[in-house]
There are 2 protein chains.
Amino acid sequence: MFSIGEFSKVTNLPVKTLRFYHEQGVLVPTQVDSQTGYRYYAEGKIETARLIRQLRKLDFTLADIKEILSSYHDGEDILEYFERQRQTVQLKLREYRTISKTLDQIISEEREARVAMKAATYEVEEKTVDSMLIAGVRMTGRYSDCGRGFAQIGKQYGRYICGKALLLQYDDEYKEEDAEFEACLPMRQGAKQKGTGTGDVTVRELAGGRCVSLLHKGPYDELGRSYGKILAYATERGYEIQRPTREVYIKGPGMIFKGNPKKYLTEIQFLIRE
Amino acid sequence: MFSIGEFSKVTNLPVKTLRFYHEQGVLVPTQVDSQTGYRYYAEGKIETARLIRQLRKLDFTLADIKEILSSYHDGEDILEYFERQRQTVQLKLREYRTISKTLDQIISEEREARVAMKAATYEVEEKTVDSMLIAGVRMTGRYSDCGRGFAQIGKQYGRYICGKALLLQYDDEYKEEDAEFEACLPMRQGAKQKGTGTGDVTVRELAGGRCVSLLHKGPYDELGRSYGKILAYATERGYEIQRPTREVYIKGPGMIFKGNPKKYLTEIQFLIRE
DNA sequence: GCTTGACTCTCCTCCTACTGGAGGCCGTAC
DNA sequence: GTACGGCCTCCAGTAGGAGGAGAGTCAAGC
């Protein structure tokens, strides 16, 4: 017979835990001195303790363990317990996988935005953009409603998204109310048109080409100034601007944080005919 | 201003939870009626509530959320919180992955054993065994000490194990005390000799071939009877038995459960020269 | 002004699997 | 005599709520 302290050393279970297991009826001492209340464990209990430790490592609850220990003598229903446990664990696993992915995405987005912020000159530049696969929703109304479009794409093609949101503007002039635009998200290869073609989300290749580009830092209602600047640049050089023009949301109100509008970063792109 | 019930509907947070968040100082109502104690939330709190929900979905603790919410106004330390959180989540993810794997392994072993139990005829059979890659520990002593050998292999090559444990017996006769045997575990391709060759664990190909085989059901100390049976069969047919002979532990005392010795299943294999 | 039913309040307990600590009993060694 | 180690019970706390009791409050209908 072991005293609780000795048994604790033998089984690697803390004394507190042994007392707790006794209270819960999971691992009952062989004998309890009715005078002193001292617990004594027979040698055979070591095996039970080992078993409990193993099952706890597999994240079984104490209630399950108690059941397993009692039904264990009978027969072979053990497999069922393990299968149920596997289900439980798989569930948690999936949860954490999702969380981990989301966290990774947020972190890398934030990092990219930070790099872009550092490298930005806020001067008009000329560069080449590649063509890319996009999913887009054509809308008419206020620009501020574009969020609904992004949400719709996210819902249908969420797992294909592979870059920053952009907006295609089809109007020749600035319109407050009935603007024609398209909310777009870049897609990974493999994204395919899903809808029946009721005109909601279309997946297609967006052509690239030579363009003038300007980074705008600040809230969206100050975009006008930057548009003036880039337009002046293009006109000065006699560039012919192709519709639709593009806005790329390098850093805006994210999924989690709305962030500070003064730190929003938007790239304006005018594709030009050469 | 919303009452707690209205705010609950707007934010999809249970009333209980809102009260709890108030108590914890995470989401404090805009105003509390000092007479009635009624909580009232301004519209601006909806955004905060949404943010808290998102962060909870990412498994941040309430304490973290409280900190994030307060430091959020200042600036950009947010990334650090997310990185720490990712670490935490990765840890849990790894834990559950390990558990899930172990559970899968136990379940499939148990299933296999059950199938073997059903299909078993307990008659001597002739069959062909394939050659396989094994890790083995040569030992001298009692058979019952073989557990130490398996443990040693498990420690060094645990992740390569891909089948049932087996025992090679090098003696010509049955020995109680100074038996010569080797505890072996089948290895996946890719397992390579690790040790410096002090003679502990060796990894090598174990040749296959034609053999006579008998399934023994019951405790190990009753193996003798089955050995008698298979030996009689081989002698009768004039087969020449090759050393070492083999025992394959189809079902024995598992990692978790010792199980009922009466249900242990062991295959005896005698390779024969043709 | 009164009643009724829906809301809301505080306070308590419960969940899991322990951990930490206070205060006290028992036996032994010095 | 006392210091020490081992053991006991009981209480509190952890994270993030859920469930419920009993009492007060609000708004609408009569």
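Proteins come first, then strands; the chains are lettered A, B, ... in the order of their sequence lines, and each starts at number 1.
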> Atom CD of B/Gln24 to atom C1' of D/dG13: distance rounded to whole Å?
13 Å

> Can you measure B/Asp33 atom CG to D/dC26 atom C1' for me and round it to whole angstrom units?
11 Å

> When rounded to the nearest 0.5 angstrom, what is the spacing between CZ in A/Arg86 and CG in A/Leu93?
12.0 Å

> For A/Gly37 and for B/Ala63, locate the closest nucleotide of DNA chain D by heavy-atom distance; then report the residue assigned to the nucleotide nearer the 5' terminus.
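It is A/Gly37, whose closest nucleotide lies nearer the 5' terminus.
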
> Need one value for B/Tyr21: base, sugar-phosphate or nothing, where a base atom within 4.0 Å counts as base even if backbone is also close, heavy atoms only.
sugar-phosphate

> What is the separation between atom CZ on B/Phe20 and atom C1' on C/dC14, rounded to the nearest whole Å?
14 Å

> Return the value, rounded to whole Å, for the distance between atom OH of B/Tyr38 and atom C1' of D/dC26.
6 Å

> Report the distance from atom OH of A/Tyr41 to atom P of D/dC7, rounded to the nearest whole Å.
10 Å

> Under 4.0 Å from OP1 or OP2 of C/dT10: is there any side-chain N or O of B/Arg19 that close?
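Looking at the OP1 and OP2 atoms of C/dT10, neither is under 4.0 Å from any side-chain N or O of B/Arg19.
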
> Hey, what do you get for CG (A/Leu79) to CZ (B/Arg114), rounding to the nearest 0.5 Å?
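Taking CG in A/Leu79 and CZ in B/Arg114, the distance rounds to 4.5 Å.
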
> Using side chain to side chain donor-acceptor pair (under 3.5 Å), reason through A/Lys164 and A/Tyr249 one step at a time and then give a plain yes or no.
CA-CA 6 Å; A/Lys164 306 265 173 246; A/Tyr249 302 108; over 6 Å; no

> Considering only side-chain heavy atoms of B/Arg39, which listed nucleotide, C/dC9, C/dT19, D/dA18, is closest?
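Given the options C/dC9, C/dT19, D/dA18, the side chain of B/Arg39 is closest to C/dC9.
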
> Can you tell which of D/dC8, C/dC18, D/dG17 lies closest to the side chain of A/Leu62?
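Of D/dC8, C/dC18, D/dG17, C/dC18 is nearest to the side chain of A/Leu62.
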
> Given atom CD1 of B/Ile65 and atom P of D/dG17, what is their separation to the nearest angstrom?
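Whole-Å distance recorded here is 8 Å.
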
> Can the ring centroids of B/Tyr40 and B/Phe2 be said to lie less than 6.0 angstrom from one another?
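When the ring centroids of B/Tyr40 and B/Phe2 are compared, they turn out to be at least 6.0 Å apart.
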
> Rounded off to whole Å, could you give me the OH-to-P distance for the A/Tyr40 and D/dC8 pair?
8 Å

> From C-beta outward on A/Lys16, which listed nucleotide comes closest to its side chain: D/dC7, D/dC10, C/dC18?
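Side chain of A/Lys16 sits closest to D/dC10.
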
> Among the candidates C/dA17, D/dC7, C/dC7, find the nucleotide nearest to the side-chain atoms of A/Ser3.
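My answer, after comparing the listed nucleotides, is D/dC7.
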
> Check whether any side-chain nitrogen or oxygen of A/Thr17 sits under 4.0 Å from OP1 or OP2 of C/dT19, and answer yes or no.
yes

> Are any non-hydrogen side-chain atoms of A/Lys101 and A/Gln105 less than 4.5 angstrom apart?
no

> Which residue, B/Thr36 or B/Asp59, contacts DNA chain D at a nucleotide closer to its 5' end, judged by nearest heavy atom?
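That would be B/Asp59.
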
> Write down the distance between CD (B/Glu23) and P (D/dA15), rounded to a whole number of angstrom.
13 Å

